[in-house]
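Shown next, in structure tokens, is the structure this report addresses.
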Amino acid sequence: VQELPSVAYCLHKTTLGGIMAKGKRGAQQDGQKPKRGKFSQLVVPVDPVAEKCHTIAGAIQSADLPLVVKEVLVAVMPGAFAMHKDERHSYQEQMVQTIGDTLNDIEGNIQKRVAEAETRLKETIATEEKLKQEQTLAHEAVDAQSELLLDKKKALAQTAMKFREAKRSLAEARDAEQHACQEGKKLFEDKEVLTNTVTRFEPLKDGTLEPAQSSQETAHLLDSLKGRLELDETLSAALPNALVTPILQRSSFTTMVVHQFGDTLMAKIKDLTKQCEAEESTKEGFAAAVLAAEKALESVAAHQMEAADVFTTEKDALDVKTQTVQDKKKAVRDAGPLIRKCKSSLAELQVELDTFQTGPWEAFRKLQCPTKEVPENVVAVAPEGEGTTSAQDAEVEAAKPAMCL
């Protein structure tokens, strides 16, 4: 870069000398006026070197070089490329080589960006494929977890059913115990009442009470028998008169009625005594049944709570896996625009590379080792008037030195 000012100076002198060497002949050629004729044409050549230099200069502006270097390269470019390779000054050839290296670096930078874009695209596509595989695996995990959760739900339903059955069994056991207690209580009450009835019956049996008192006691006795002692119709009808009849006035029938009642009463008390004793054993059995039902309910309740905890855990796991599926699905969906963006970026870089290679780079290759060529663009103007073919040829020959560079 430090040598560039001197190089530019030398190139300026060389270019200026080439322009001055054009001399009088060039001035005369420039000053010639075309002859007017019917078939004469004015040929306006377009310099291909200038067009290519303009293309190369546009590319050099994108190079990673100091501004002064870019300005120098653009300034010396027309003079360096205006000559054939074997006619260039050594400084001009050095500039051509520098321009070539710069263009090569620009191409390498674009190719590097293309490679990076291709790598990003491949990585993005690979990431999308990986996400799709993970999404598939996540779906399978959700399906498996759903099946497991269904089993746990069935197990929970079974434990709930067992819990309801155990609860109902306990209620039935408690009802049975309560009913037995009520029956036992009634038996004891009946036994106690009938035992007291025996005490009332003894004075009436012996006839030791006064008639008025006897009638009153007989009424109380018969009232106490209601619902506790069932008598046949004959005994029930004859008993009140027999009990109030004085003992000396009783007939054999009346005496028989009194004794039969006494025997029936004692037999009932004896039967109630046996029932009360049996009821004690039954009560213990009902209490044991209630205790067993309570323990069974407690065990079933524990199993139900355990099944509920397992179900809740598996349900939470299903929620997590379902969320994972949603996350993977969103990631796959988001990968689509990213892939399209990478493809678009890669396409733009490839277009940029193709444009560079077919534009500035191709122009440099043609100018680096130029060959004599006919101007690419010729604008033909046909003015009025007549002229000869030889005059037209002379004008074209006069324009060639400026074009064939």
Side-chain angles (χ1 to χ4, degrees), residues 149-202 204-205 217-240 243 257-315:
L149 184 63
L150 182 60
D151 293 339
K152 299 305 179 183
K153 185 176 181 180
K154 291 179 180 179
L156 179 60
Q158 291 176 355
T159 57
M161 184 181 298
K162 291 180 180 179
F163 177 79
R164 288 193 295 270
E165 291 177 354
K167 190 175 181 180
R168 184 172 57 252
S169 298
L170 176 60
E172 291 175 353
R174 287 176 174 172
D175 290 341
E177 182 184 28
Q178 184 178 4
H179 182 68
C181 289
Q182 291 176 353
E183 290 184 350
K185 182 179 180 181
K186 187 175 184 306
L187 290 174
F188 281 106
E189 290 178 353
D190 291 347
K191 178 185 175 183
E192 185 177 359
V193 171
L194 293 179
T195 302
N196 293 331
T197 301
V198 172
T199 304
R200 289 178 177 274
F201 173 66
E202 289 297 332
L204 293 173
K205 176 183 176 182
E217 288 295 327
T218 298
H220 285 299
L221 185 146
L222 294 175
D223 187 62
S224 64
L225 295 178
K226 293 179 180 179
R228 295 182 177 87
L229 180 61
E230 294 293 333
L231 302 176
D232 58 40
E233 294 181 3
T234 304
L235 184 60
S236 178
L239 182 61
L243 291 177
V257 169
V258 173
H259 285 288
Q260 185 177 356
F261 171 74
D263 295 340
T264 302
L265 180 60
M266 296 306 296
K268 182 63 177 179
I269 293 174
K270 185 177 181 180
D271 181 63
L272 288 174
T273 301
K274 290 180 179 180
Q275 290 184 33
C276 289
E277 293 175 356
E279 187 64 26
E280 289 294 332
S281 301
T282 304
K283 185 178 179 180
E284 294 177 359
F286 281 117
V290 170
L291 181 60
E294 289 175 346
K295 290 182 178 180
L297 179 62
E298 182 179 355
S299 176
V300 171
H303 284 90
Q304 185 184 26
M305 290 298 298
E306 182 179 355
D309 292 340
V310 172
F311 176 81
T312 301
T313 301
E314 299 301 336
K315 180 65 170 58

(message) On a heavy-atom basis, which atom in Gly227 and which in Lys186 lie closest, and how many Å separate them?
(response) O-NZ, 3.7 Å

Side-chain donor/acceptor pairs under 3.5 Å, residues 151-167, sequence neighbours excluded:
from, atom 1, to, atom 2, distance (Å)
Thr159, OG1, Ala155, O, 3.3
Thr159, OG1, Leu156, O, 2.6

(request) Just jot down the side-chain contact (heavy atoms from CB on, under 4.5 Å) partners of Ser169, sequence neighbours excluded, or say none. (result) none

(request) Please list, chain by chain and in numerical order, all residues satisfying salt bridge (charged side-chain N to carboxylate O under 4.0 Å, His left out) with Lys226, sequence neighbours excluded. (result) Asp223

(message) Return the CD to CG distance between Gln260 and Asp232, rounded to the nearest 0.5 Å.
(response) 6.0 Å

(message) Quick check on Glu202: does its CD atom have over 12 non-hydrogen neighbours (other residues, nucleotides or ligands) under 6.0 Å away?
(response) yes

(request) Working to the nearest 0.5 Å, report the span between OG1 of Thr273 and NZ of Lys268. (result) 11.0 Å

(request) Name all residues meeting the salt bridge (charged side-chain N to carboxylate O under 4.0 Å, His left out) criterion together with Arg228; count only those two or more places apart in sequence or in a different chain, and write none if there are none. (result) Asp190

(message) Nearest 0.5 angstrom please: Leu221 CG to Leu239 CG, how far?
(response) 7.0 Å

(message) My understanding is that only residues two or more places apart in sequence, or in another chain, count here; which of them pass salt bridge (charged side-chain N to carboxylate O under 4.0 Å, His left out) with Lys283?
(response) none

(request) Let me see the working for Leu204 and Val258 under side chain to side chain contact (heavy atoms under 4.5 Å, CB included), right down to the final yes or no. (result) CA-CA 9 Å; Leu204 293 173; Val258 173; over 6 Å; no

(request) Return the set of residues passing side-chain hydrogen bond (donor to acceptor under 3.5 Å, both in side chains) with Thr282 (not counting sequence neighbours), or none when no residue passes. (result) none

Under 3.5 Å, which donor-acceptor pairs do the side chains of residues 296-305 form with other protein atoms, sequence neighbours left out?
from, atom 1, to, atom 2, distance (Å)
His303, ND1, Ser299, O, 2.8

(request) Using side chain to side chain contact (heavy atoms under 4.5 Å, CB included) as the criterion, point out the one residue from Thr197, Thr195, Val193 that pairs with Ile269. (result) Thr195

(request) To the nearest 0.5 angstrom, please state how far the CZ atom of Phe201 sits from the CE atom of Met266. (result) 10.0 Å

(request) Mind checking the CZ-CG spacing from Phe261 to Leu231? Nearest 0.5 Å is all I need. (result) 6.5 Å

(message) Return the OG to CG distance between Ser236 and Leu229, rounded to the nearest 0.5 Å.
(response) 9.5 Å

Donor-acceptor contacts under 3.5 Å from residues 170-183 side chains, at least two apart:
from, atom 1, to, atom 2, distance (Å)
Arg174, NH2, Glu294, OE2, 2.8
His179, NE2, Glu183, OE2, 2.6

(request) Could you pull out all residues at least two apart from Thr313 that satisfy side-chain contact (heavy atoms from CB on, under 4.5 Å)? (result) none

(request) Sequence neighbours left out, what passes salt bridge (charged side-chain N to carboxylate O under 4.0 Å, His left out) with Glu217? Give chain and number order. (result) Arg200

(message) Does any part of the side chain of Leu272, heavy atoms only, come nearer than 4.5 Å to the side chain of Phe188, both counted from C-beta?
(response) no

(request) With sequence neighbours left out, write down each residue that passes side-chain hydrogen bond (donor to acceptor under 3.5 Å, both in side chains) with Asp271, or none if nothing qualifies. (result) Gln275

(message) If the condition is side-chain contact (heavy atoms from CB on, under 4.5 Å), which residues does Lys270 pass it with, not counting sequence neighbours?
(response) Lys274

(request) Could you check if a side-chain atom of Asn196 sits within less than 4.5 angstrom of a side-chain atom of Ser224, using non-hydrogen atoms only? (result) no

